[in-house]
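First comes the structure, then the notes that go with it.
Throughout, a chain's letter reflects where its sequence line sits, starting with A, and its residues are numbered from 1.
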Amino acid sequence: MDLSYELKKRFGYDQFRPGQEEVVQSILQQENTLAILPTGMGKSLCYQLPGEMLSGLVVIISPLVSLMEDQVASLRKRGEKRVAAINSFLPQEQRKQLFKDIHTIKFLFISPEMLNRPDIGRFLTNLSISILVVDEAHCISQWGFDFRPDYLRLGEFTRLAGNPPVLALTATADQQVERDIIQYLQMTEANVIRQSVDRPNLKYFVERLNSERDKTEWLKNRLTATSGPGIIYVSSRKRAEELTRILQQDGHQIASYHAGKEAGDRHIIQQQFLSGELSWICATNAFGMGVHKENIRQVIHDQLPASAAAYVQEAGRAGRDGNRSSAVLLYVEEDEQKVRFIVQNDLPEESEVHHFVAMRKSGHTIEVSAELAGISETSARLIQYYSETLTIEDVLKTFTKLKYDKEEKLREMISYVSENTCLREKLLFYFDEHISDRYDVCCSVCGIRSEDWLLNKSNVKNNRTLLNWEERIELLLCPHS
DNA sequence: CGTGCAAGGATTATTCCTTGCACGGTGCTATAAT
């Protein structure tokens, strides 16, 4: 089959980006496919092209309503009008109408929660589905176990829909995430297409400091001395607001972003960052998914992320254009406890589990039971999910295991900041990759300073790219991976 | 578990320290009563 012809005809591109063609081929051969491709831009083509070529409905499971809207808009813009999204923003009436007209739709976007509703799931399983796409598939591993359990139920739908080929898409997945995706989507004989996470143009740095104040000072100096665009990741909404205020006073174009803000404001801020009106974003981990900005120069972490996979994902938002970029992690020893508290705290205690289950048994709804047991809505949903198939003892064991796993992941980050081995090597190790060649200029452990790697404000005008010949060759051999 | 802030007390200026308490991430969905 001449895929290049199809690509040119339908999308106007002359050639595929690395990995794309292989993924499209795999799907056209009806194989379950897990595609781990670093940039966001090329991934939607992986289902859009085969979707156009095959008959039947393409169902795309998407984690965020805003992401669905973006995808719908971009398909429409390309001229594909057979697109729809089912989510809570679609009024009942229109949803009913959509179900009547479903044969006129080619690409249907839906959240896992909606898909798992019996009425909606059953309706969709009766249709002819050509591809079941799971976008941002790492969410299965990252959110499924302790935040959005509906992600763990997707396999049931796959089975009930008669096992259409599944295409799982993500930018970063270590071995564990890969195993989780394959297991929970019930992807038998999955064809895994993986590109290296190594990015020669992105250098890693750890800065050990003594207090929160020192971090603030460091950031003040950093933003004065070096250029954006950049993202500062912080651990709380409050810190995001505070830091933003302080840095604004220094005259920087910066805004805060977190889940406590209105959807409209979040959208505006994201747009301003994309367009360059804002050079910095100070955000919690709410920021990033679906953000396709090529020229981000710096990602700075004000605190430890919960795992190496999360760190690589967040830091990897820098330097997609292939130009010099840096990922700095600011570390104060006490941070370990802080992150541990946040990460462990949302899993319910044994007594809370018993209390909640007792309330459910006496006939209360999930919401009321949660209230009576004094636990969060999220905790309640988790207990509800696990107790559907497990005994109480096994539910408790599961939570203990999850806490243990979270601790293990946190340890990866502790070792990242405290052990004296090459940072890049360590991150690659978590992804089961090995350094094939060493660079003279590598990371803070190997002995470069981020100020020297980044172009600072005084020389940015004169020297756009200060690469020596070795770095040029690296970039040639490994064009923006 | 650690931080940062507000309140309280000691003290004798408008400042200094202790104590106590709140707070700490990620998103879907739901359709009640004003």
Side-chain angles (χ1 to χ4, degrees), chain A residues 61-69 85-93 95 109-121 135-136 138-154 209-216 233-243 246 256-263 266 282-291 301-307 309-311 313-314 331-347 365-368 370-371 376-382 384-385 403 406-407 409-410 414:
Chain A
I61 297 161
S62 174
L64 306 179
V65 174
S66 61
L67 227 55
M68 294 182 209
E69 317 262 279
I86 303 179
N87 54 48
S88 60
F89 284 82
L90 189 72
Q92 290 270 354
E93 283 303 305
R95 188 189 298 166
F109 294 84
I110 190 167
S111 68
E113 286 82 2
M114 273 289 178
L115 192 76
N116 289 330
R117 280 176 45 153
D119 51 341
I120 293 172
D135 200 11
E136 308 287 355
H138 59 276
C139 290
I140 291 168
S141 190
Q142 193 174 297
W143 282 351
F145 299 108
D146 61 359
F147 186 50
R148 292 175 68 179
D150 281 283
Y151 262 105
L152 303 184
R153 291 182 154 122
L154 295 176
L209 301 169
N210 291 318
S211 70
E212 288 296 301
R213 286 228 171 88
D214 289 357
K215 284 182 179 173
T216 308
Y233 277 108
V234 298
S235 63
S236 74
R237 297 171 180 186
K238 206 168 131 196
R239 174 77 171 154
E241 301 281 351
E242 270 171 20
L243 255 183
I246 290 167
S256 63
Y257 185 104
H258 53 73
K261 300 200 118 161
E262 300 249 339
R266 288 173 66 164
C282 183
T284 60
N285 57 7
F287 185 78
M289 248 194 311
V291 177
H301 279 74
D302 183 60
Q303 92 302 343
L304 284 176
S307 69
Y311 185 60
Q313 190 168 42
E314 289 167 358
Y331 178 61
V332 172
E333 250 173 68
E334 292 77 34
D335 288 351
E336 180 180 340
Q337 298 301 339
K338 260 203 248 178
V339 177
R340 181 172 290 126
F341 180 88
I342 290 176
V343 158
Q344 298 281 351
N345 195 44
D346 60 352
L347 288 171
T365 62
I366 297 175
E367 291 78 15
V368 173
E371 181 114 28
S376 68
E377 186 204 351
T378 302
S379 290
R381 223 200 302 275
L382 289 174
Q384 181 70 24
Y385 168 77
K403 285 185 184 176
K406 286 182 166 216
E407 180 63 26
K409 286 178 186 165
L410 179 55
I414 305 294

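- Q142(A) is not listed as a side-chain neighbour of N285(A), based on a closest heavy-atom distance of 4.5 Å or more.
- E113(A) meets the salt bridge (Lys or Arg N to Asp or Glu O under 4.0 Å) test with R148(A); sequence neighbours excluded.
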Heteroatom pairs (N/O) under 3.5 angstrom, protein to nucleotides 31-34 of chain B:
none

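- Q303(A) places none of its side-chain heavy atoms less than 4.5 Å from the side chain of E212(A).
- Distance check on atom C1': dA10(B) versus dT14(B) gives 14 Å, rounded to whole Å.
- Stem regions for DNA chain B, each three or more consecutive Watson-Crick or G-U pairs with both distances under 3.5 Å and listed by first number, read B:1-10 with B:15-24.
- With both ends at atom P, the span from dT29(B) to dA33(B) equals 23 Å, rounded to whole Å.
- Nucleotides dG27(B) and dG4(B) are separated by 26 Å at their P atoms, to the nearest Å.
- Atom CD of E407(A) has more than 12 neighbouring heavy atoms from other residues, nucleotides or ligands inside a 6.0 Å radius.
- Heavy-atom contacts from other residues, nucleotides or ligands closer than 6.0 Å to CG of D119(A) number more than 12.
- Straight-line distance between the P atoms of dC28(B) and dC23(B): roughly 25 Å, to the nearest whole Å.
- Every residue was checked against the side-chain hydrogen bond (donor to acceptor under 3.5 Å, both in side chains) condition with N87(A), not counting sequence neighbours, and none meets it.
- K409(A) is linked by a salt bridge (Lys or Arg N to Asp or Glu O under 4.0 Å) to nothing, counting only residues two or more places apart in sequence or in another chain.
- Residue contacts shown for D335(A) are absent, as no nucleic acid heavy atom lies under 4.0 Å away.
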Do any N or O atoms of the protein come closer than 3.5 Å to N or O atoms of nucleotides 22-27 of chain B, and which pairs are they?
| from | atom 1 | to | atom 2 | distance (Å) |
| --- | --- | --- | --- | --- |
| dG25(B) | OP1 | R237(A) | N | 3.1 |
| dG25(B) | O5' | S235(A) | O | 3.1 |
| dG25(B) | O3' | T284(A) | OG1 | 3.4 |
| dG25(B) | O6 | I342(A) | O | 3.0 |
| dG25(B) | O6 | D346(A) | OD1 | 3.4 |
| dG25(B) | O6 | D346(A) | OD2 | 2.7 |
| dT26(B) | OP1 | A259(A) | N | 2.9 |
| dT26(B) | OP1 | T284(A) | OG1 | 2.4 |
| dT26(B) | OP2 | R237(A) | NE | 3.0 |
| dT26(B) | OP2 | R237(A) | NH2 | 3.0 |
| dT26(B) | O4' | N285(A) | OD1 | 3.2 |
| dT26(B) | O2 | W143(A) | NE1 | 2.8 |
| dT26(B) | O4 | D346(A) | OD2 | 2.8 |
| dG27(B) | OP1 | R266(A) | NH2 | 3.2 |
| dG27(B) | O6 | T378(A) | OG1 | 3.1 |
| dG27(B) | N1 | R381(A) | NH2 | 3.4 |
| dG27(B) | N2 | R381(A) | NH2 | 3.0 |

